[in-house]
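For reference, the structure discussed in these notes is given below.
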Amino acid sequence: MVHSGGGGVAAKLASAGLDVRVIESSVRLFPGGARNLGIASTRAALVAFLADDCVARPDWVKERLRAHREGAAVVASALLCHKPKSPIALAAHLSLFVRRMPRIAAPLALAYGASYERRLFTKYGRFRDDMEGGEDTEFHQRLARSDKPIWRPQVQTIHAGAETFGAYLSSQFRRGRRIAEAWREIGPINKATVAKDAINRSGFILRHAIGVVEADERWAARLAMPLIVFGNLVYALGALTAAQGPRP
């Protein structure tokens, strides 16, 4: 486990009876920096990442290993909602991750939540540590076609997202702003394009929302639809508040 910014996490875990190796940095790190610290602190031929708001489902490791043994250099995973029968929680999830649901058609899937062959970090360098988000997108752009991520929906992670309407809107605003600022670093997309894409994305999500959830969750998906539209407008607003132009 990598933790940055202090707080005595290792001691807290130990006091709770949890025997977890903790790699700590007193300086707060962005996600890329935390990833890089984890890479440097391990030796295995394969490196997988799990965010602190996620829980790996059974076979998370098994299915990754299977895909890597079949020749994949990077294995992307599916992402499930932690409360799929809550319209708000499901709206928050689908607004961001409809293209990472395990039932999405493979050509539409987004390849994130990945594990990597360690050799890639020698060949392409490591993650950028100066970005608040989008470090995996930037890294994947550097990969040759033969090393691009493959979609493996059998590798499943549960994401704990917003559960209240206020938390959902706040998250959408922050994410919109952060993604716009990430693209400012990566290029060539500007904040207006990010905002426009967020609004246009609503139609795509609504078309696929019923198909990507389980049968007993479809009622929640239907109730989530107006929330998704409103949340994407807030996401667009967040994007438009981002800084513009090259970082000084």
Side-chain angles (χ1 to χ4, degrees), residues 1-5 9-10 13 18-25 28-82 93 96-104 106 109-161 175 178-179 182 186:
M1 173 182 177
V2 174
H3 176 77
S4 69
V9 170
L13 290 173
L18 298 175
D19 184 15
V20 179
R21 182 188 177 203
V22 181
I23 304 156
E24 294 189 271
S25 168
R28 179 176 177 268
L29 302 174
F30 285 145
R35 287 175 183 261
N36 292 338
L37 184 55
I39 293 167
S41 303
T42 59
R43 297 181 180 178
L46 302 173
V47 182
F49 299 96
L50 184 67
D52 61 357
D53 58 357
C54 291
V55 176
R57 293 199 73 191
D59 294 333
W60 190 85
V61 173
K62 178 183 176 181
E63 291 295 337
R64 286 190 186 279
L65 292 177
R66 188 196 307 273
H68 282 293
R69 288 177 185 137
E70 291 171 357
V74 182
V75 179
S77 60
L79 203 60
L80 296 169
C81 178
H82 72 307
H93 188 82
L96 299 169
F97 305 122
V98 69
R99 294 179 67 182
R100 289 192 58 195
M101 296 286 279
R103 292 165 63 96
I104 194 73
L110 292 180
Y112 290 100
S115 51
Y116 304 82
E117 291 184 346
R118 179 176 292 274
R119 66 172 180 84
L120 300 178
F121 302 117
T122 300
K123 184 176 180 180
Y124 299 102
R126 296 189 179 177
F127 296 96
R128 281 185 54 171
D129 59 9
D130 60 341
M131 300 172 63
E132 190 173 354
E135 77 290 341
D136 45 357
T137 297
E138 192 277 333
F139 181 76
H140 292 174
Q141 286 184 338
R142 286 186 256 146
L143 302 179
R145 183 182 297 273
S146 60
D147 290 327
K148 293 290 187 183
I150 66 140
W151 168 241
R152 185 55 67 101
Q154 295 87 348
V155 182
Q156 297 181 1
T157 304
I158 299 173
H159 177 261
R175 285 177 178 272
R178 187 169 70 237
I179 293 301
I186 300 170

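Computed from a predicted structure; not experimentally measured.
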- request: Applying side chain to side chain donor-acceptor pair (under 3.5 Å), run through Tyr116 and His140 and close with a yes or a no.
  value: CA-CA 11 Å; Tyr116 304 82; His140 292 174; 2.8 Å; yes

message: Quick check against the 3.5 Å criterion: does Tyr112 have a side-chain atom that pairs as donor or acceptor with the backbone of Ala78?
response: no

- request: I would like to know whether Asp129 and Arg35 meet salt bridge (charged side-chain N to carboxylate O under 4.0 Å, His left out); could you show each step before the answer?
  value: CA-CA 9 Å; Asp129 59 9; Arg35 287 175 183 261; over 6 Å; no

message: Given 3.5 Å as the limit, does a donor-acceptor pair link the side chain of Asn36 with the main chain of Phe127, or not?
response: yes

field: Test salt bridge (charged side-chain N to carboxylate O under 4.0 Å, His left out) applied to Glu138 and Arg142, step by step
entry: CA-CA 7 Å; Glu138 192 277 333; Arg142 286 186 256 146; 2.8 Å; yes

- request: Show your working on salt bridge (charged side-chain N to carboxylate O under 4.0 Å, His left out) between Arg152 and Glu70 and close with a plain yes or no.
  value: CA-CA 12 Å; Arg152 185 55 67 101; Glu70 291 171 357; 2.7 Å; yes

Sidechain-backbone polar pair: Ser115 side chain, Ala48 backbone, donor-acceptor under 3.5 Å: no

- request: For residues Ala40 and Arg126, report the shortest heavy-atom separation together with the two atoms involved.
  value: CB-NH1, 3.5 Å

- request: Classify the side-chain pair His3/Ser25 by whether it contains a donor and acceptor separated by less than 3.5 Å.
  value: no

statement: What one should report as the nearest heavy-atom pair of Met1 and Val9 is CE-CG1, 3.6 Å

message: side chain to side chain contact (heavy atoms under 4.5 Å, CB included), that's the test. Do Leu29 and Leu37 meet it? Break it down for me.
response: CA-CA 9 Å; Leu29 302 174; Leu37 184 55; 4.0 Å; yes

statement: Of all heavy-atom pairs linking Ala73 and Leu120, the shortest is O-CD1, 3.8 Å

task: Could you tell me the separation between the CZ atom of Arg119 and the CG atom of Leu46, rounded to the nearest 0.5 Å?
output: 10.5 Å

task: Look only at the side chain of Gln156 and the backbone of Pro153, and say whether a donor-acceptor pair between them is shorter than 3.5 Å.
output: yes

field: Taking every non-hydrogen atom, the tightest pair across Gly125 and Phe139
entry: O-CE1, 3.2 Å

- prompt: How far apart are the C-alpha atoms of Phe49 and Ile39, what are their side-chain angles, what is the distance that settles it, and do they pass the side chain to side chain contact (heavy atoms under 4.5 Å, CB included) test?
  reply: CA-CA 10 Å; Phe49 299 96; Ile39 293 167; 3.9 Å; yes

Arg100 side chain to Ser77 backbone, donor-acceptor under 3.5 Å: yes

task: Step through the shown structure and confirm whether more than 12 heavy atoms of other residues, nucleotides or ligands are within 6.0 Å of NZ on Lys62.
output: no

query: Do you know which two heavy atoms are closest between Cys54 and Thr157, and how far apart they sit?
result: CB-CG2, 3.4 Å

field: Gap separating the CG atom of Asp136 from the CE atom of Met131, nearest 0.5 angstrom
entry: 9.0 Å

query: Which pairs, with at least one residue in residues 46-61 and sequence neighbours excluded, count as a salt bridge (charged side-chain N to carboxylate O under 4.0 Å, His left out)?
result: none

query: Given the rule in the side chain to side chain contact (heavy atoms under 4.5 Å, CB included) test, do Val75 and His68 qualify, once you have shown the distances and angles that lead to the verdict?
result: CA-CA 7 Å; Val75 179; His68 282 293; 3.5 Å; yes

task: Measure across Ala182 and Gly133 and return the closest heavy-atom pair with its distance rounded to 0.1 Å.
output: CB-O, 3.2 Å

statement: Rounding to 0.5 Å, atoms CG (Leu96) and CD1 (Ile179) come to a distance of 9.0 Å

query: Hey, is the main chain of Ala44 close enough, under 3.5 Å, to the side chain of Arg118 for a donor-acceptor pair?
result: yes

query: Between Gln154 and Arg66, is any pair of side-chain heavy atoms under 4.5 Å apart?
result: no

message: Please determine whether side chain to side chain contact (heavy atoms under 4.5 Å, CB included) holds for the pair His159 and Phe97, giving the CA-CA distance in whole Å, both sets of side-chain angles, and the decisive distance to 0.1 Å.
response: CA-CA 10 Å; His159 177 261; Phe97 305 122; 3.7 Å; yes

query: Would a distance-only check, ignoring hydrogens and angles, find a side-chain to backbone donor-acceptor pair under 3.5 Å from His82 to Val55?
result: no

field: N/O donor-acceptor pair under 3.5 Å between Ser41 side chain and Gly38 backbone
entry: no

